[in-house]
Structures are given as C-alpha cells and as structure tokens.
Asks: 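Structure incoming, see below.
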Number of protein chains: 4
Amino acid sequence: MSLSGELVDDAQGPVSSATGRPLTKRGEATRRRLLEAAELVFAEQGYHEASIVKITERAGIGLGTFYLYFDSKQAIFEALVLDLNRRVRHSMSESMEGASSRLEAERAGFAGFFRFTAEHPALYRVVREAEFVSPEVLRLHYTRIVEGYEAGLRAAQAAGDVDRALDPQTTAWALMGMGELIGMRFLLWERDADGRPPSQLDPVVFAGMTRFIDNALAPRPGATHGEEQA
Amino acid sequence: MSLSGELVDDAQGPVSSATGRPLTKRGEATRRRLLEAAELVFAEQGYHEASIVKITERAGIGLGTFYLYFDSKQAIFEALVLDLNRRVRHSMSESMEGASSRLEAERAGFAGFFRFTAEHPALYRVVREAEFVSPEVLRLHYTRIVEGYEAGLRAAQAAGDVDRALDPQTTAWALMGMGELIGMRFLLWERDADGRPPSQLDPVVFAGMTRFIDNALAPRPGATHGEEQA
Amino acid sequence: MSLSGELVDDAQGPVSSATGRPLTKRGEATRRRLLEAAELVFAEQGYHEASIVKITERAGIGLGTFYLYFDSKQAIFEALVLDLNRRVRHSMSESMEGASSRLEAERAGFAGFFRFTAEHPALYRVVREAEFVSPEVLRLHYTRIVEGYEAGLRAAQAAGDVDRALDPQTTAWALMGMGELIGMRFLLWERDADGRPPSQLDPVVFAGMTRFIDNALAPRPGATHGEEQA
Amino acid sequence: MSLSGELVDDAQGPVSSATGRPLTKRGEATRRRLLEAAELVFAEQGYHEASIVKITERAGIGLGTFYLYFDSKQAIFEALVLDLNRRVRHSMSESMEGASSRLEAERAGFAGFFRFTAEHPALYRVVREAEFVSPEVLRLHYTRIVEGYEAGLRAAQAAGDVDRALDPQTTAWALMGMGELIGMRFLLWERDADGRPPSQLDPVVFAGMTRFIDNALAPRPGATHGEEQA
DNA sequence: AATGAATGAGTATTCATTCAT
DNA sequence: GATGAATGAATACTCATTCAT
C-alpha cells in the first residue's frame, strides 16, 4: 500500500507513469530534471513542506507534467531515496577500490560515505523523514548499505583481519549508526566562520573515528574463535 | 523562529499559555494528560498525521482547551521531546547507579537506553521527525545525551580505563549513533512470531555490541597518551 | 461505498459530520442554509459544475464549515435528494387529502406532483443527475414515490374503482414515467411570451393527461377478474 | 453556446473537424471506431468520468487523433446521442412494419424501443446525463421520438382506432415517459439470479403495460368527438 | 477553566486541449 | 493522417487556530 507500485529499482529503465510505456529520450531528460529538483526541494524543506508545485517550478516544467512521470508525491520521494541509495553505494565502492587491506577498504568506504553526505545533505534529511513517509523504502536503504558492510566484515574475519568474536550483522549496524550520527553532527550541523558547511570531516574527528573503528575491529590476541556467538 | 518561545526547560514549572500564570493543580493535571496523549498520537501517526483534534480527543479534553496549555502544535511537540529526553536520561543514570567500574557503567547506560527505547518507541519516531519540525530541540536532545557519554569517557580516560587516544567527543557521538541504529533495527523493526515487538534486545546482538564497545574503548597497550589528538 | 455513511433518513435528526454529535440550534440553522444553497446551485449548474465553494458562498458561510455538516459533495447531494423526496411526497399527500374518490385522489396527487415540480425545478434536474452520482439514492427516490401510487392502486382495485386486470406495480411505474416526462416537457421546457417558466400545467395538457389516465384505469366492463396477473 | 457548432445531423456525411473536408474511407473508419468506443465508455462511466484518453485507448487510437474528428468532448457526446437516436427510431419503425392495425403497430413500436434499450443501455444513461451536458441535443432526441408517436396517434384517431378525446401531443409524451421509466425499472435495474441484466421485458410487465396502453387509447363509446379539448 | 463552531489558506491531483514532430 | 508530451486551470478536502460563550 505504502510503496506506490512495486519497489523494483527501475530494472528495465523508467517508464511513463501514465501509459506505462518506456520513456523517449526527451521524457528521460524530463524525469531526470524532476528528480534533481526533488532532491533540492525535499532537502531544503522536508517532505511535508515540499510541494509538487515547488518541485515542478524548480525543474522548470508544467505542473501536470509531473504526473506523466510519477504517480504521486510519495512515488517521487521513493524513487529519490532509491536513487540516492544507489549513488551513495556507488560512491562507497569507488572509494574502496584499490585499498591495500581489508581495514583500509573499510576506512575508505567510510570516507566515501562522508564525502557523499557532505555533497548531498539531501540524503540525510530525506532518509530520516522516510521513516514516516515510506518505511519500506527506508529499510531498503539502510539494509542495502549494511549488507555491504556485513559482507566485508565476514570476509575480513575469515582472513583474520577482524576480531572473530564480533557478530558481523550487529557490527555492521553499529558502523552504519556511527557514520550516520557523526555525519549529522560534524558535517551537517557544523558551520565554519562564514556560516558555510564543511566540505569534509574535521581531521580530528576523522582520526578519532578511525581509532575507534580500528580498536573495535582489530583481532584480539586473547579471543580464539567467535565462541561468544549465539 | 522554530522554537516557539524559548527553549527553557520549564525550569520554574509550567505556566498557562494564555495568561502566563503558573498552573493550578487542576491545570497541571490537564497539561499532563495532553502530553501523554501527544506521546501516543505522535508515536502512532507521526507529527504531520497527528492533529490537535486527535490529541485532545485522546486526552478527553475540549479542542479549545489545548491552547490554554500550549501555543501551537509545534510547542507541544517540543515540550514532548524535552520531556522524553529528561526521562531517557533519567533511565540511563538509574541503570548506571551501582556499577562497579567505568566500563560496567557505560554498558549499564546502554542497557537503560535500550530499555527506554523498547518501552517508548515514541521517543524514537518523535525524535527522527523533529529534524524537520524543530531542529533546535533535536540538537538539544542529542547533545544532552551525548554530553553524558562524553563526561563519562573523559573521566574513564583519566582513570586509565579507556583508551586515551580516543577523542571523547567523537567517541560519544559514535556511541550515540550505534545505540540509535541498533535500537531501531533490533528493537523497533524486529517482530517475534506473533508479530509483537521484542521487549529487550536479542542477547546475541547485545553481546555483539558489548564486544564491539569493549574492543573500541579498552586501553591499548601500545598507545601511551592521547598524542594523536589534533 | 457510494452512499456516504448510511441512507437512514435522519431518523433522530441530523448530527455533526465531524463529531457525530447532534446539532445545536445554531448548527441546525447552518445545515439548513447549506441545503438550501445546495438546492439552488445543483439545480442551476448540475452536480459536476456545482462546487463546494459555490455552495458555501451562496450560503454565506466559510468553506471549512461545510465539512462540519457534510462529509463530502456527494453526501450533501444525497441528503438533498432525500430531502426533496420527502417534500414532494408531502406535497402529494397534502393534495390528496379530502379527495372524494379514489380516482379523484389519484388526480390530486398528480396535481401536487406537478405543483412541486414547477416550484422546485431542482428536484427534476438533481434527480436525473443522481443516476450517475448516487444510483442508490435515485432508486430510493423513485421507489418511494412509486410505492405510494402502487398502494393507492391496489386499494382502488379492491374497491372496484380501477381495472383489476392492471398490474399495480407496472401501472405505478407507468404513471411515474408519465408524470416525469410531462412535467419536463410542459413545465420545465415551456416558456411563456416573456421567457418565464409556467407556474402550472397548461389546462389542455392537464385535461389530456387526465383523460389518458382515466381511460387507462377505469374498470372495463368486459374484463371479469384480473386473471392476467402473473 | 452549448451545441458545439451546429446541430445539423451530418446531413452531408461527416467532415474532418480540423480541415472541414469530407473524410476519406480510412478517416471514416477511424471516426466510427471513436463513436463506438465513446458509446461504451460513456455508458459505463457516464459523461464526466469518461475521458478522452479512455475513449481513444478503447478505440486503439492516438490521443491527438481524436481532435481530427471531433472538436471537443461535448461534440462527440452530441454526435453519439444523435447517432443513438437515429438507431432507436430505426429499430422502432422496423418493429412496426407489417403490423396489422394501428394499435398493433403502437405495441410493436414499444417492443422495438425496449429491445433497443436492453441492447444499448448506453442510450439510457447517455440521454439522462445529456440534460446537463447538452440540453438542446436532449430535446432533439425526445422530440424526434415523440413526433413519431404523435403522428401515429393522429392517424389512428382519424381512423377511429384511438379515442378522439385524447390530446395527441400530451399522449405521445405520456407514452414516451412510460416507456422510459418502465425500461429503466424493469430492464436496467433488474438483475436475474446470476446478476445479469434481462435481455427483454418480463412478460407480466409487458402484458401489464399493454393493458394499460390499450385501455388508455381505446375509443370510448360515450365520447363522441374530442369536444373536451381546450 | 473549558468549550466547539467557524474559518480559509494550502495542497495533491485530474483532464481537456494544444502543438511540434 | 497520426501521435503523445506538455500544459495549467480548476476543485475537493484538511486542519491549525480564533473567539464568543
């Protein structure tokens, strides 16, 4: 009911909301402009303050045109969350490429996450409001990111790079939570002398976080093999 | 603009919103009923779906009466967040009393946080929506909790119970984020076979989290004295 | 689904659409003004062209107030049809009082029907559009009137005043149809030299119709006893 | 204002709505498909719920193409009413052919009318809604049918087959009204055990109606020659 | 101290019609 | 001849807030 239509991730490319037909090149461009405008408007005003009129004005298209591409306000919101999710994960894996070690990769992933957060404050605000607008899509968002962490952790544990006594799922969610609140506090709330948001995390904070994560994940000499689990 | 009136925490007790006079005993009770109804309604429906009519009906009070106690919908929302914040911190310090060690206390604090979260899902939902409704009060909420963590961490570092290389502020926000997402994922999203939410954290998860925190905070043999800081 | 709420005919008096409570005297008056405005607006513009704003402006009350009394545009429409139905039947039975014979009463009933039609062209237009807006209420309208005719016919047949070979139900619907189209053609479509609608049926037409009905209903010498009936 | 363009009955065959030129054979077919689709859509949804998109989709034709054949939604509606009117009158005269007497013909005409009504419920719904969409075309519809009745009645009166005291015009409208309401009640509202509409009038009803008409029209021994008129 | 009738600004959504291709 | 993307005017309905009682 809540998810308008299915949650399929545009596997075969976007289609017209009215006719169900695949979009022409012109249509594709219009849809993209709507999504970009929506990102800005939702980020600035939040879901409820945002309005279709504001979005279409920002996109420079007619009001009615909106409904050729999205069924409803909720529908574009969900499409936007999924779109941002895809992009943040892309940003994270890009950062991780070429890392020399597991831990290095984990760190790089975080850096990618923070970079994206700083560049797209929308992601943050939009996702938090999703809790009430579209719980399913919110879960999808978190779960997809967490699954990436979790897979990395399991591999690192197998390789002996990460403490085997840690529960990978719990740990993955813990890392997700850390990233979220630290991004919120030190990127989104912070303002420099000119009142402008920082473009990257303060080095002290980043170092502190790295230390924290390194400590938490490092294999412990005493612990032999994950016997605490379950 | 956003904070209706000041954010003072009712230091001298609540006053009539209309006359500014302190409340009589009867008025006090009416105000309390409104806050309790608001907690339920906001938790179930979220800020925007909630309405003054729903709150007053739930409280068994006339619509007009509402404005004798609160200036606006936003005002009762802010009062509610502050109230919940006071109570969750109370729950945490209660849990920490009688802890034998610093680390023990930290763990107990987390347990108190999760207990409160499980018992008051309202806190969680209400706080997440506060981002858009009243950013100031949201910051106050997080900051107050984090300050507690941070003070504890500094003391523990001084006593040598916690790794001195960790930045206390960063670490405190990291812990807050962990608690928030783990509470969300494993308390609020989880459902047992009967579709009912769990009343406490799954032991595996709690153990995994404890291990994670213990690892992260434990003093490292190699590190001598916080020289990595800034 | 179509009938908003139930079709009960305000047996215990109208209630607030919002709270479900019975109306105060002031509320009662407001509701009456809305119904009167609705009769005019629906009659002039038809259901679809009519709008809540037009109705409330005509009634001289605020837009939002409308929804204190009716759940929707359809709801006031249905209430109006039922109200008009009650009144036309009242007008008909009033006309029939004191008729010296069965046939006389039947004729008087028709006269009452036409009088009401001439005074309330709304009835006619509103009812015809009801076919699409609220089929149930339309059926109720016709059925209630027809039942009156039918009961009269049965009694008259028993008394030997009406041809016993006639099927009372079919005959009742035939009479209803006659009345409707003759009212439409000779009252609602007709205009005098000044372009004004007539306030009563042209005597030629009324006489023609009376002759037609008298012929149709009069007991036939040849027919012995309603053996044609089902 | 209401009649889009003139009400001429396509006397010289349909023309392009855009160029005003007569249609090619291909164009003719497209126009016909549009009218057929319109009959279905208007009948199922009524005028206002119907939309050009629904009609063109049903016709398997591009949206823009519609305006090559009709100026507006109202224009196709009017064309449709006129088309149905032509066909119902055709159906009626077909039925009347070969009737042995005037009264027989009258009865056969009714049978034809009901047959058409049962087969084209569209006629009924579309016509009733026409009251608000296009009053002129509605009048044309009724008037054309009534004129047929009236002519027949005059001839029958001249031949002494019908009571000369009846006013032919009034009687014709009375018959029209009877047919309409009886068709509505016993064809369109009726459903058999399987919920399907009947394909013809119930014999009891038809017999009852025949008796009613026969009574009404039969020459009365007492009445000499229409002296009651005016 | 309490009430609830009245208000009207604000918003999502629909659809007939146009026009560039 | 045919198409369908784009348009924006129009409308039902909600709800925080006021105020007379």
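In what follows, every chain begins at residue 1, and chains take the letters A, B, ... in the order their sequences are listed.
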Asks: Side-chain N or O of B:Thr24 less than 4.0 angstrom from OP1 or OP2 on E:dA1?
Replies: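 For E:dA1, OP1/OP2 do have a side-chain N/O of B:Thr24 under 4.0 Å.
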
Asks: Report the distance from atom NE2 of B:His48 to atom C1' of E:dA12, rounded to the nearest whole Å.
Replies: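 Atom NE2 in B:His48 sits about 15 Å away from atom C1' in E:dA12.
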
Asks: Atom pairs under 3.5 Å, N or O on each side, protein against nucleotides 6-8 of chain E: can you list them with distances?
Replies:
from  : atom 1 : to      : atom 2 : distance (Å)
E:dA6 : OP1    : C:Thr30 : OG1    : 3.1
E:dA6 : OP2    : C:Tyr69 : OH     : 2.3
E:dT7 : OP2    : C:Gly62 : N      : 2.6
E:dT7 : OP2    : C:Thr65 : OG1    : 2.6
E:dG8 : N7     : C:Gly64 : N      : 3.0

Asks: Please state how far atom NZ in C:Lys73 lies from atom C1' in F:dT14, giving the value in whole angstrom units.
Replies: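 Going from NZ in C:Lys73 over to C1' in F:dT14 covers 18 Å.
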
Asks: What closest approach, in Å, do C:His141 and C:Val81 show between heavy atoms, and which atom pair accounts for it?
Replies: CB-CG1, 4.2 Å

Asks: Between A:Leu34 (CG) and E:dA12 (C1'), how many Å, whole number?
Replies: 15 Å

Asks: Look up atom CZ in D:Arg32 and atom OG1 in D:Thr30, then write down how far apart they are to the nearest 0.5 Å.
Replies: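 Reported value, rounded in 0.5 Å steps: 12.0 Å.
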
Asks: If you check every side-chain atom of A:Ser72, which of F:dT14, F:dT18, E:dT13 has the closest atom?
Replies: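 The answer is E:dT13, which lies nearest to the side chain.
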
Asks: Check whether B:Lys54 reaches the backbone of B:Glu49 with its side chain - one donor and one acceptor, N or O, closer than 3.5 Å.
Replies: yes

Asks: Once you round it to whole Å, what is the distance between P of F:dT14 and CZ of C:Phe70?
Replies: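 So the CZ-P distance, C:Phe70 to F:dT14, works out to 15 Å.
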
Asks: Please name the nucleotide paired to E:dA20 by Watson-Crick or G-U wobble geometry with both distances under 3.5 Å, or report none.
Replies: F:dT3

Asks: Classify D:Ala29 by what it touches in the nucleic acid, base, sugar-phosphate, or nothing, heavy-atom distance under 4.0 Å.
Replies: nothing

Asks: Any ion pair linking A:Glu44 and A:Arg58 (charged N to carboxylate O, less than 4.0 Å)?
Replies: yes

Asks: For A:Glu57 and E:dA12, what is the distance between atoms CD and C1' respectively, to the nearest whole Å?
Replies: 15 Å

Asks: Paired with E:dA1 by Watson-Crick or G-U wobble geometry, both distances under 3.5 Å: which nucleotide is it?
Replies: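 Pairing partner, where one exists within any strand: none, as none qualifies.
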
Asks: What integer distance in Å separates C:Gln74:CD from F:dT11:C1'?
Replies: 16 Å

Asks: Taking A:Phe70 as the fixed residue, which of A:Leu35, A:Ile52, A:Leu80 is the one that meets the side chain to side chain contact (heavy atoms under 4.5 Å, CB included) rule?
Replies: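 With A:Phe70 as partner, A:Leu35, A:Ile52, A:Leu80 yield a single side chain to side chain contact (heavy atoms under 4.5 Å, CB included), made by A:Leu35.
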
Asks: May I ask you to establish whether B:Lys73 and B:Phe66 are in a cation-pi arrangement, using a distance under 6.0 Å from NZ or CZ to the six-membered ring centre and at most 45° from the ring axis?
Replies: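 Here B:Lys73 fails the 6.0 Å and 45° test against B:Phe66.
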
Asks: What integer distance in Å separates B:Ile52:CD1 from E:dA5:C1'?
Replies: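 The answer, rounded to whole Å, is 17 Å.
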
Asks: Rounded to the nearest Å, what distance is computed from the CZ atom of residue A:Phe77 to the P atom of nucleotide E:dA12?
Replies: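 In whole Å, E:dA12 P lies 14 Å from A:Phe77 CZ.
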
Asks: Identify the two heavy atoms, one from B:Thr56 and one from B:Gly62, that lie closest to each other, and give their separation to 0.1 Å.
Replies: CG2-O, 3.9 Å

